[in-house]
Amino acid sequence: MTDPIERFMKEIEPYLIEQRRERHRYPEIGFTEYVTTYELSEQLAGKGFSLFYGTELLTSEERMGVPSDEFLKANELRALDKGVPPAFLEKMKGGHTGLAAVLDTDRPGPNFAYRFDIDALPIEESDAAGHVPAQQAFRSQVAGMMHACGHDGHAAIGLGLADYLSKEQDKLCGKYTILFQPAEEGGRGAKAIVDKGWLDDANYFLSGHVGIHDLPAGAVAAATSRFLASSKINAKFIGKSAHSGLEPNEGRNALLAAASATLHLHSISRHKDGATRINVGTLHAGAGRNIIAEKALMEIETRGETNELDAYMQENAERILQASADLYDVELELEHMGKAISTSADLEFAGVVERACASSKSLNIVPHLAIGASEDVTYMIERVRERGGKATFMIFASPLPAGHHHPSFDYEEQALMAGLETLIRTTDYLLKGDGIRAELAD
């Protein structure tokens with residue numbers, strides 16, 4: 001007898017690839033995913049889900065690093081041009097993007113929650129001949145934006161899962177919540193969803209990430225270890241403009257303060273208790289070669305293997321920023337733009353994933369792999385655990401022609417199939433294992 005999940009996977013593969021490529025063609029960065037949110041809702045229409053978006057999804061004031069009003073409005077106009085209905089856009093205005101899709105069977109059973117991030121990055125995608133999205137005509141159509149981290153695939157996996165649950169809903173019990181999260185990059189969107197209460201009653205929480213490890217597609221880590229806590233900071237130096245030849249003594253050079261800070265930030269001593277990181281990602285300063293620079297803006301991030309180690313890096317970073325400002329007699333303004341907390345792998349729950357997928361012909365499940373990066377999904381994992389639920393974050397590995405956040409980033413689409421199959425088999429196993437799967441004839 002053909003495995004019904006195996007049969008479903010064969011049927012869904014063209015749709016999964018189509019949806020990944022459609023998302024890839026039209027990337028949107030955090031809190032501007034207006035078109036993405038609308039198109040996801042259209043794909044979910046008529047499948048039995050209740051849809052929630054705008055302030056129904058997230059707590060507005062808990063969002064971090066929301067773009068400027070000017071930038072948001074420009075992207076809202078773009079969304080209208082792209083065909084998003086005005087009434088739909090109205091609920092998302094001001095950067096209230098993302099979507100929750102809820103399937104409630106009205107039959108007693110566990111509450112499942114799943115998270116898929118949907119935002120892109122401010123990167124110009126490669127058009128090199130060997131870059132598969134360029135070769136196969138699904139390269140980004142938006143200048144300066146690219147899905148360079150796999151979130152296009154995450155959104156597609158979420159849609160595939162929704163399709164499976166919809167088709168199986170007469171045989172299911174309990175409740176299923178699929179969260180399409182905005183603004184994961186920079187750790188800006190998850191906390192606002194958690195604060196809204198979406199995970200407060202979740203018995204099981206499943207999520208994952210495409211790529212990360214350069215392994216054959218089909219390799220899946222049942223859990224993830226070594227999440228790094230992270231803080232995102234904008235530092236604005238404010239000096240005084242002056243003529244650089246006529247009266248340089250009248251100026252206060254913000255560019256020099258920022259340049260000094262850049263060098264000294266990277267000299268912070270690493271900590272004996274674990275991994276620590278810091279990066280100055282951007283520095284914009286000055287107005288012209290003959291003008292003492294009045295302003296400078298730096299975008300910085302710190303990371304640590306634990307929340308305490310990240311706090312150590314952040315404290316020292318802020319100390320150096322202030323000292324650099326004082327050295328050049330300029331003012332300093334700090335803005336906290338995002339944050340992710342650390343968490344650890346639940347290897348007991350990882351064992352559930354391994355057992356659930358033991359019969360698969362295409363999956364190679366390993367207990368856990370280290371991520372060595374930051375993810376604000378940790379806010380969701382910790383909330384579920386606080387309330388007594390079980391949570392895991394998986395890695396759907398793939399060969400990688402270039403690393404994450406690179407203009408040539410790509411992955412094998414078979415990794416999407418592996419991710420979806422793992423989620424389906426784990427959900428199915430948990431239902432049967434709890435003895436609550438409705439026993440209906442074929």
Side-chain angles (χ1 to χ4, degrees), residues 15-16 18-60 62-63 75 79 82 84 88-89 91-92 95-103 112-121 147 149-166 175-199 202 205-210 375-377 379-381 383 393-394 396 416 419-420 423 427:
Y15 174 76
L16 209 65
E18 173 201 342
Q19 286 302 311
R20 179 261 167 145
R21 295 185 177 190
E22 188 57 36
R23 304 283 79 75
H24 194 90
R25 287 187 188 97
Y26 206 79
E28 298 172 292
I29 62 174
F31 295 127
T32 70
E33 307 97 327
Y34 297 114
V35 175
T36 302
T37 299
Y38 172 68
E39 291 186 347
L40 290 173
S41 75
E42 286 292 282
Q43 291 299 316
L44 293 164
K47 293 186 176 180
F49 289 87
S50 299
L51 304 182
F52 303 86
Y53 60 102
T55 54
E56 297 172 332
L57 173 68
L58 39 72
T59 302
S60 184
E62 289 295 327
R63 297 171 301 157
N75 282 276
K82 190 69 175 173
V84 177
F88 195 99
L89 182 63
K91 289 186 67 174
M92 295 190 289
H96 296 89
T97 48
L99 184 72
V102 179
L103 180 66
F112 286 86
Y114 313 83
R115 178 274 212 162
F116 304 94
D117 42 3
I118 62 175
D119 57 320
L121 286 153
H147 272 295
C149 201
H151 300 186
D152 51 346
H154 299 171
I157 294 172
L159 290 175
L161 176 65
D163 193 75
Y164 175 80
L165 294 174
S166 177
K175 185 170 71 172
Y176 305 81
T177 300
I178 301 176
L179 299 169
F180 293 96
Q181 182 204 314
E184 183 280 325
E185 299 292 351
R188 299 179 291 144
K191 192 172 185 295
I193 293 175
V194 170
D195 187 77
K196 201 70 174 179
W198 284 100
L199 297 159
F205 175 78
L206 304 171
S207 188
H209 205 298
V210 169
E375 246 280 4
D376 66 357
V377 74
Y379 283 108
M380 298 183 174
I381 291 171
R383 175 57 64 92
F393 186 83
M394 296 170 271
F396 313 131
L416 307 181
L420 177 57
L423 292 171
T427 300

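It should be emphasised that the depicted structure is a prediction, and the values quoted were computed from it without experimental measurement. Heavy-atom basis, side chains included; hydrogens, waters and symmetry copies ignored.
Between R188 and D376 there is no salt bridge, since no side-chain nitrogen of the basic residue lies less than 4.0 Å from a carboxylate oxygen of the acidic one.
A donor-acceptor distance shorter than 3.5 angstrom exists from the side chain of R63 to the backbone of S60, with no hydrogens or angles considered. Judged by distance alone, the side chain of K91 and the main-chain N or O of H96 form no donor-acceptor pair under 3.5 Å. Judged by distance alone, with hydrogens and angles left aside, the side-chain atoms of T32 form no donor-acceptor pair with the main-chain N or O of E28 at under 3.5 Å. When atom types are taken as modelled, the side chain of E375 and the backbone of E184 share no donor-acceptor pair closer than 3.5 angstrom. Not a single donor-acceptor pair under 3.5 Å links the side chain of Q43 to the backbone N or O of S41. When atom types are taken as modelled, the side chain of R115 and the backbone of A190 share no donor-acceptor pair closer than 3.5 angstrom. Side chain of T97 to main chain of Y34: no donor-acceptor pair is present (N/O by atom type, distance under 3.5 Å, no hydrogens or angles).
The minimum heavy-atom distance between I29 and L121, with the atom names listed, is CG2-C, 3.7 Å. The minimum heavy-atom distance between L179 and A100, with the atom names listed, is CD2-CB, 3.8 Å. The shortest heavy-atom contact between P27 and H24 is CD-O, 3.5 Å. Between G160 and L16, the shortest heavy-atom distance links the atoms CA-CD1, 4.0 Å. Considering all non-hydrogen atoms of both residues, E56 and L51 come closest at OE1-O, 4.3 Å. In terms of heavy-atom proximity, A79 sits nearest to L89 at CB-CD1, 4.3 Å.
Within the 4.5 Å cutoff, side-chain heavy atoms of P182 are placed close to those of L58. Under the 4.5 Å side-chain criterion, counting only non-hydrogen atoms from C-beta, V102 is in contact with K175. Residues M380 and S207 have side chains not in contact (no heavy-atom distance under 4.5 Å, counting atoms from C-beta outward). Using a 4.5 Å heavy-atom cutoff, the side chains of K82 and Y26 are in contact. Between L44 and L99, some side-chain heavy-atom pair lies under the 4.5 Å cut-off. Residues L103 and K47 form no side-chain contact, since every pair of their non-hydrogen atoms from C-beta on lies 4.5 Å or further apart. In this structure, F180 and T37 have side chains that are not in contact, with every pair of non-hydrogen atoms separated by 4.5 Å or more.
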Stepwise side chain to side chain contact (heavy atoms under 4.5 Å, CB included) test for W198 and L57: CA-CA 8 Å; W198 284 100; L57 173 68; 4.0 Å; yes
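No hydrogens or angles considered: nothing links the side chains of T427 and Y164 as a donor-acceptor pair under 3.5 Å.
When the options H151, Q181, H147 are evaluated for a side-chain hydrogen bond (donor to acceptor under 3.5 Å, both in side chains) with D119, the one that passes is H151. Screening R23, R21, R20 for a salt bridge (Lys or Arg N to Asp or Glu O under 4.0 Å) involving D152 leaves a single residue, R20.
Separation of atoms CG (N75) and CD (E33) is listed at 9.5 Å; rounding is to 0.5 Å. Of the inter-residue distances, the one linking I178 atom CD1 with L161 atom CG reads 4.5 Å to the nearest 0.5 angstrom. Note that CG of L159 is 11.5 Å distant from CG of L416, once rounded to the nearest 0.5 Å. Here the straight-line distance linking atom CZ of F52 with atom OG1 of T177 works out to 8.5 Å at 0.5 Å rounding. Interatomic distance, CE of M92 versus OH of Y38, reported as 9.5 Å (0.5 Å rounding).
A perpendicular orientation is assigned to the rings of H209 and H154, their planes being inclined by more than 60° (bins at 30° and 60°).
Under the 6.0 Å cut-off for aromatic ring centres, F88 and Y53 qualify, their centroids lying closer than that.
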